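This structure is a prediction, so every number in the text was calculated from the model and none was measured.
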Amino acid sequence: MTVADLQSAGEARRPAIDVLAPEIMDMAFGLIRVLDDEGNPHGPWIGDLGVDELVEILTTMFTTRAFDARMMKAQRQGKTSFSMGSRGEEAIGAVTATVMGAHDMCFPTYRQASYLLGRGRDPLAMMNQVYGNAADENLGTQISGLYTSSEFGFLSISGNLATQMPQAVGWAMAAKIKGDPTVALAFVGDGSTAESDMHAALTFASTYTPPVIVAIVNNQYAISTDEEVARGSAQTFAQRGIGYGLPSLRVDGNDVLAVHGATSWARDRALAGHGPTVIEFVTYRGSAHSSSDDPTRYRPEDEFDEFPLGDPIKRLRLYLQNRGFSNDQANALDEQIRNMIEAKNEEAEAIGTINTGERPSLRHTFELVYETMPPHLIRQRQEAGI
Amino acid sequence: MTVADLQSAGEARRPAIDVLAPEIMDMAFGLIRVLDDEGNPHGPWIGDLGVDELVEILTTMFTTRAFDARMMKAQRQGKTSFSMGSRGEEAIGAVTATVMGAHDMCFPTYRQASYLLGRGRDPLAMMNQVYGNAADENLGTQISGLYTSSEFGFLSISGNLATQMPQAVGWAMAAKIKGDPTVALAFVGDGSTAESDMHAALTFASTYTPPVIVAIVNNQYAISTDEEVARGSAQTFAQRGIGYGLPSLRVDGNDVLAVHGATSWARDRALAGHGPTVIEFVTYRGSAHSSSDDPTRYRPEDEFDEFPLGDPIKRLRLYLQNRGFSNDQANALDEQIRNMIEAKNEEAEAIGTINTGERPSLRHTFELVYETMPPHLIRQRQEAGI
Amino acid sequence: MTNTDESAGPISKMTMIEAIRSAHHVMMERDASVVAFGEDAGAFGGVFRCTEGLQERFGEARCFDTPISELGIVGTAIGMALNGMRPVAEIQFADYMYPGYDQIVSEAARMRFRSAGDFTSPIVVRMPVGGGIYGGNTHSQSPEALFTHVAGLVTMIPSNPYDAKGMLISAIEANDPVIFLEPKRVYNGPFDGDHDKPLVPWSKDPRGEVPEGYYKVPIGKAAIARRGDEVTVLTYGTMVHVAMNAAEITGVDAEIIDLRTLLPLDLEAITTSVRRTGRCVIVHEATRTSGFGAELSAQVQEECFYSLEAPIVRVAGWDTPYPYSQEWEYFPGPQRVADGMLQALKG
Amino acid sequence: MTNTDESAGPISKMTMIEAIRSAHHVMMERDASVVAFGEDAGAFGGVFRCTEGLQERFGEARCFDTPISELGIVGTAIGMALNGMRPVAEIQFADYMYPGYDQIVSEAARMRFRSAGDFTSPIVVRMPVGGGIYGGNTHSQSPEALFTHVAGLVTMIPSNPYDAKGMLISAIEANDPVIFLEPKRVYNGPFDGDHDKPLVPWSKDPRGEVPEGYYKVPIGKAAIARRGDEVTVLTYGTMVHVAMNAAEITGVDAEIIDLRTLLPLDLEAITTSVRRTGRCVIVHEATRTSGFGAELSAQVQEECFYSLEAPIVRVAGWDTPYPYSQEWEYFPGPQRVADGMLQALKG
Ligand SMILES: Cc1ncc(C[n+]2csc(CCOP(=O)(O)OP(=O)(O)O)c2C)c(N)n1
Ligand SMILES: Cc1ncc(C[n+]2csc(CCOP(=O)(O)OP(=O)(O)O)c2C)c(N)n1
Ligand SMILES: [Mg+2]
Ligand SMILES: [Mg+2]
């Protein structure tokens with residue numbers, strides 16, 4: 001694990017939003033950081049987030065962590081077949097959710113629960129999806145954690161890695177064609193940058209310069225493999241963007257202010273017609289890859305504690321303390337959220353889990369293939385006895 | 001059409017072969033040139049090619065140009081269905097063919113006839129392939145111009161763009177695994193860099209650092225579209241390599257000495273275990289994209305004459321004049337080669353063309369699918385009456 | 001021809017290329033969300049000229065060139081569709097669709113399903129298919145079975161200009177992803193498999209009479225290209241014309257069904273005919289094993305088992321890549337189709 | 001079990017995973033040109049552990065992790081094969097093979113053909129297939145028909161540890177590209193479709209007795225999983241076990257053929273049986289339309305038309321993406337297969 005070329009808080013400059021890519025090539029090798037280890041903010045990326053907004057972000061992060069932990073527990077209890085968490089990465093989704101506009105669109109991976117929660121999705125709805133129960137708005141079509149929410153501008157998550165990337169670029173191309181003042185935000189994992197889709201996305205972004213933010217979440221691991229397997233000889237993932245002539249930033253993903261500053265900058269840029277931005281968010285996958293994974297087979301157990309960028313929740317709490325939101329207040333908030341999650345989970349379990357309660361009908365399986373069920377599916381549905 | 005950041009002859013530095021990619025990022029934006037407009041060589045990339053070697057290269061270039069012209073004429077006469085030329089780009093193949101070793105492997109596109117000829121392939125064999133006649137060693141399986149020659153280290157050309165790129169990287173990975181002192185040379189067009197295969201190739205090259213040279217032939221056009229459609233916001237194609245942390249050079253592809261210097265450097269590098277090099281060769285597609293194309297629909301007819309890097313044959317002739325190989329000698333050589341091509345073409349036509357003489361039997365079509373013909377193909381072959 | 005109505009405007013002679021262009025034109029005129037793009041599809045108008053004039057008329061924002069990335073073409077098309085557009089994407093040759101296949105199969109086809117209808121992907125992906133132009137193994141493929149196996153896709157293939165236009169308009173208006181296969185060998189005329197004969201242009205054929213305006217040929221409906229009593233021929237694309245020729249040379253009174261939409265299939269048209277004739281020949285250019293003919297054969301025997309008087313015959317491309325020099329020995333021409341008909345009659 | 005000979009060494013109890021691992025081991029020991037790689041295939045030994053221990057034993061040069069690019073995995077495998085290696089590449093789930101499909105179809109499958117034998121591409125691409133693990137639409141697919149349609153590929157799918165090892169060794173030694181499909185639901189035991197019952201481990205099954213050494217199960221040869229007289233069941237992979245269960249619960253005396261190699265197909269084994277029983281049921285997990293069952297059905301009716309006493313029945317996955325919550329209603333379990341058998345008997 002390398003977090004190459006760590007810059008200290010406040011060191012990275014903040015260019016004008018109409019800056020040209022060649023002028024900031026160095027920023028793909030640096031690291032935009034605002035908060036230092038004592039929770040003090042530095043430099044041009046500080047921004048002006050108020051305590052209320054910060055507490056809202058903290059709320060989302062607490063919610064995500066409690067939600068993840070609860071769902072992992074449910075998986076261990078055999079109540080769902082699968083669970084994927086985002087411990088340690090919560091800042092990225094929680095913060096970007098507050099930056100993006102009402103009509104912007106997020107193209108997520110399976111590790112952006114904090115984005116969806118940050119946009120206002122009810123955890124209960126997400127639990128129903130995890131349990132694939134009768135109240136699952138996904139109607140049982142997808143494995144646990146592959147949420148969808150057009151209401152909250154969150155594309156249905158694909159089980160196929162990176163496929164959302166060219167779609168995000170296409171969505172942004174459409175925005176540009178229509179003249180809509182909207183921006184696409186696409187997330188991709190470090191490992192998934194190796195997929196073909198990433199190249200198509202960056203090539204089309206480079207050619208058509210639509211309003212899109214390409215966010216690479218470098219959480220240090222794919223499944224068992226270190227981020228280096230995808231990064232290869234390059235020093236950073238932000239560097240990929242340079243190859244396409246796109247402005248590329250590397251950002252401390254566990255630093256709420258840095259994430260906020262960089263994403264706002266990129267969004268302003270996109271809205272002003274200056275085109276795409278590539279951002280590598282450096283973070284750490286604190287959880288196992290999924291409930292099917294055993295990380296002790298490939299990394300030291302205490303590695304997260306040693307991670308130089310720390311835990312985003314701890315860091316935000318420290319900063320908030322400096323802003324007058326006390327540790328006790330934070331603890332109370334955390335506890336209140338845990339209770340809320342526990343209560344929602346009871347509600348969800350009461351509706352049903354993978355092996356209790358009713359499930360969405362097989363009828364949906366037939367109905368969701370085409371807009372109108374064609375004759376062969378009507379017949380098969382009948383054969384299936386429903 | 002832009003040939004961005006033209007450097008003048010002799011200006012580009014020549015780094016040590018063990019240089020690290022970050023130290024030469026600027027070279028992806030420059031242009032290695034040796035020969036000036038008066039045919040005088042300059043700078044650290046001059047090399048030590050003797051007159052004999054240069055005349056050999058000129059011979060290959062003359063041969064390629066005469067061959068292409070003759071095959072295009074044959075297509076116009078209805079003797080083959082298709083023809084693709086490489087007028088203006090001959091230097092790249094002709095020179096690299098002399099740099100690569102006996103056991104190296106070339107992964108070509110359809111515009112590297114000069115490489116194959118430079119390695120010693122008999123033009124007659126290539127004509128037989130173009131005509132798909134009874135002597136076609138390709139046995140009629142491929143359209144005109146998609147040659148194969150394991151004998152000369154030249155992979156069977158695919159009609160699918162860029163697919164050879166990850167194969168070249170895999171070939172080089174095998175060389176590294178086995179410890180063979182060999183290098184793969186892979187060619188790809190500017191337009192084709194947009195294909196997924198390119199990303200896979202560069203990613204795997206970046207991760208495994210095998211002995212491979214990735215040669216992007218920027219001839220200013222895909223079919224009807226300017227190289228800019230694939231390049232997008234980037235300034236050059238060599239720049240792509242930077243994103244993967246690979247040493248990347250941009251080279252005057254119409255300058256025999258520059259091509260020779262850069263390719264030798266990259267090959268030495270690879271053999272010494274320093275890994276891949278990306279080279280963008282800047283050149284100009286002097287011919288139509290293929291016999292199916294009408295370039296007057298998308299570019300001025302005299303554009304080639306205005307191309308700042310000129311015609312590689314004219315430039316080599318000028319340089320050779322300065323080295324004592326006179327214009328008259330060059331003309332004589334050219335004429336002798338044209339006559340040779342004319343004679344070989346007569347021979348090939350006598351064997352057969354697309355509508356005269358015998359063709360390879362349909363039997364081959366069945367026999368070439370698997371090592372041993374499986375029962376269903378034996379049966380189908382019998383049904384086909386052969 | 002039956003779907004023409006007055007509102008479709010005056011009739012013009014059109015090739016299939018012109019009919020496809022006209023469908024684009026009509027739809028781009030009617031609906032600002034329709035956009036067309038692909039490799040060389042912009043200023044150049046496509047290597048087969050199917051999008052010619054669109055950029056001039058509708059501007060670069062609505063008809064444009066793309067980088068050479070079929071993945072990018074399909075992937076961005078899906079993204080545009082997610083943002084309310086109606087993208088019509090061109091793949092230069094079906095042989096080059098494979099880099100975009102993942103986006104078609106894993107994304108476009110399943111978007112509605114996986115999101116429980118929360119998102120849809122109404123894209124049209126056009127691509128020329130089939131042999132007969134000396135294209136060798138990379139310009140001759142007929143990959144329809146690779147689409148018909150995928151739940152969530154609609155797969156269509158017209159055989160003449162009138163259908164091509166009406167079907168493409170239906171495809172653009174559909175709310176499901178449509179794979180629109182264009183048999184390139186009949187772009188300019190109804191090629192009947194005799195490659196030595198001069199090509200009959202569409203201007204000499206009634207199916208080349210195409211209304212200039214808006215009309216639709218419905219998805220999921222086959223057409224009877226020839227009525228007959230002795231044997232049912234199931235086919236599509238170029239092979240419709242080859243089958244007509246085979247009927248002529250054999251004198252067999254074949255009922256030739258032009259399937260037009262492969263998925264969803266017009267099973268009723270098929271079974272009605274086979275139950276009557278008791279014999280069935282399936283004809284396609286694609287390689288035989290696991291070709292779409294296999295599915296047709298399976299369904300016919302499932303539905304018409306007790307009516308069949310002889311084994312169903314498949315006439316298809318041999319199970320080899322498409323050769324270059326041997327093109328006309330390989331192509332399932334009128335003689336092979338004729339033999340298939342006679343075999344079905346003997347049975 | 002018939003192919004075991006003395007030289008294959010002592011017998012061990014193995015799961016299918018262990019058998020696959022053992023095949024790698026034996027071949028990497030015998031032949032220095034055999035290399036194994038894929039996503040997480042190196043130190044981790046693969047998400048299903050099929051390559052576990054190989055890196056430790058043979059070093060990082062011969063068993064290694066790759067970036068997440070199925071295109072890169074297949075493309076570099078072809079390149080290695082061109083340079084004299086015998087690459088065995090793992091795709092983590094068949095559902096993720098699509099980005100590598102172009103390299104498989106356009107390159108590996110046609111390399112020999114297009115170069116007239118000048119170059120070949122003897123690669124093995126392994127991938128887990130099939131449902132039954134709550135994998136939803138992206139961890140449950142059975143894309144075999146997408147390979148059987150492609151001339152130049154060999155497609156294999158074992159149903160038990162013994163076959164898995166012997167077939168994989170044959171695949172690695174083959175000079176053609178082989179698609180090696182692994183039915184993940186039977187990795188650990190012969191799952192018979194009753195998901196509520198505890199899994200029987202392979203250690204309790206004679207087909208889990210696997211020689212530790214080198215032996216081959218030949219390409220292109222089917223096996224009779226159960227002899228019977230009333231109806232022929234054509235199936236493969238997991239469904240072999242489900243069909244056995246169906247025979248049990250119905251009491252139908254079915255002849256169950258485990259095809260093992262889908263392309264090239266052992267047509268003789270099929271026709272011999274169907275001509276005798278006069279009835280045929282085809283069973284697979286893949287979606288029905290244009291699934292491999294269509295090809296089987298077409299060939300059976302072409303070859304055995306006059307022996308058939310009833311329509312051939314297909315039992316297959318419904319033509320929808322694979323659902324998550326509804327997995328066990330969707331899965332073509334023993335009851336559906338049993339119904340298919342009874343239907344074939346009625347006819
Ligand atoms: C096309 C494809 N290939 C492989 C997989 C299997 N897979 C699921 S997650 C994963 C690792 C992804 O790593 P990364 O992109 O770093 O994301 P992270 O899990 O770290 O958030 C893999 C290989 C997949 N889902 N899709
Ligand atoms: C996968 C694929 N897509 C599209 C094509 C059609 N095609 C053939 S050549 C060409 C243009 C290639 O341009 P470039 O890479 O610049 O090479 P050049 O012809 O200039 O040498 C296109 C689009 C193809 N052969 N393969
Ligand atoms: Mg990761
Ligand atoms: Mg070019």
For each of [options], tally heavy-atom pairs with chain B at distances under 4.5 Å, and name the one with the top tally.
options                       : answer
D/Q299, D/R112, D/R62, D/M80  : D/R112
D/P264, D/S69, D/G220, D/G152 : D/G152
D/A151, D/S33, D/P177         : D/A151

Given the options [options], which has more heavy-atom pairs under 4.5 Å with chain D than any of the others?
options                        : answer
B/V169, B/D197, B/N138         : B/D197
B/T365, B/L368, B/D136, B/L146 : B/L368
B/T372, B/D180, B/I157         : B/I157
B/L139, B/T163, B/I177, B/N160 : B/T163
B/G159, B/S196, B/A174         : B/A174

Would you say CD of D/E60 has more than 12 non-hydrogen atoms from neighbouring residues, nucleotides or ligands within 6.0 angstrom? no
Heavy-atom count around D/E268 CD within 6.0 Å, excluding the residue itself: above 12? no
Could you tell me whether the side chain of D/T76 and the main chain of B/G170 form a donor-acceptor pair under 3.5 Å?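 Such a contact is absent between D/T76 side chain and B/G170 backbone.
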For D/N83, is there any backbone N or O sitting under 3.5 Å from a side-chain donor or acceptor partner on B/K178?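 Yes: the side chain of B/K178 pairs with the backbone of D/N83.
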Closest non-hydrogen atom pair between [X] and [Y], with its separation:
X      : Y      : value
B/Y370 : D/V150 : OH-O, 4.3 Å
B/T141 : D/S115 : OG1-N, 4.5 Å
D/A116 : B/E137 : CB-O, 3.5 Å
D/P67  : B/Y208 : CD-OH, 3.4 Å

From [X] atom [atom1] to [Y] atom [atom2], the distance as rounded to the nearest 0.5 Å:
X      : Y      : atom1 : atom2 : value
D/F113 : B/H364 : CZ    : NE2   : 10.5 Å
D/I73  : B/F204 : CD1   : CZ    : 5.5 Å
D/L82  : B/W171 : CG    : CH2   : 10.0 Å
D/D118 : B/Y147 : CG    : OH    : 15.0 Å
D/L71  : B/M165 : CG    : CE    : 12.0 Å
B/E371 : D/T120 : CD    : OG1   : 8.0 Å

Under 4.5 Å from a heavy atom of chain B, the part of [X] involved:
X      : value
D/V74  : neither
D/D102 : side chain
D/T66  : both

So which part of [X] gets closer than 4.5 Å to some heavy atom of chain D, the side chain, the backbone, both or neither?
X      : value
B/F107 : side chain
B/S158 : both
B/A175 : both
B/F366 : neither

Between the side chains of B/R379 and D/E303, is the shortest nitrogen-to-carboxylate-oxygen separation below 4.0 Å, so that they form an ion pair?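 Between B/R379 and D/E303 there is a salt bridge, with a charged N closer than 4.0 Å to a carboxylate O.
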B/M173 side chain near D/F37 side chain, heavy-atom distance below 4.5 Å: no
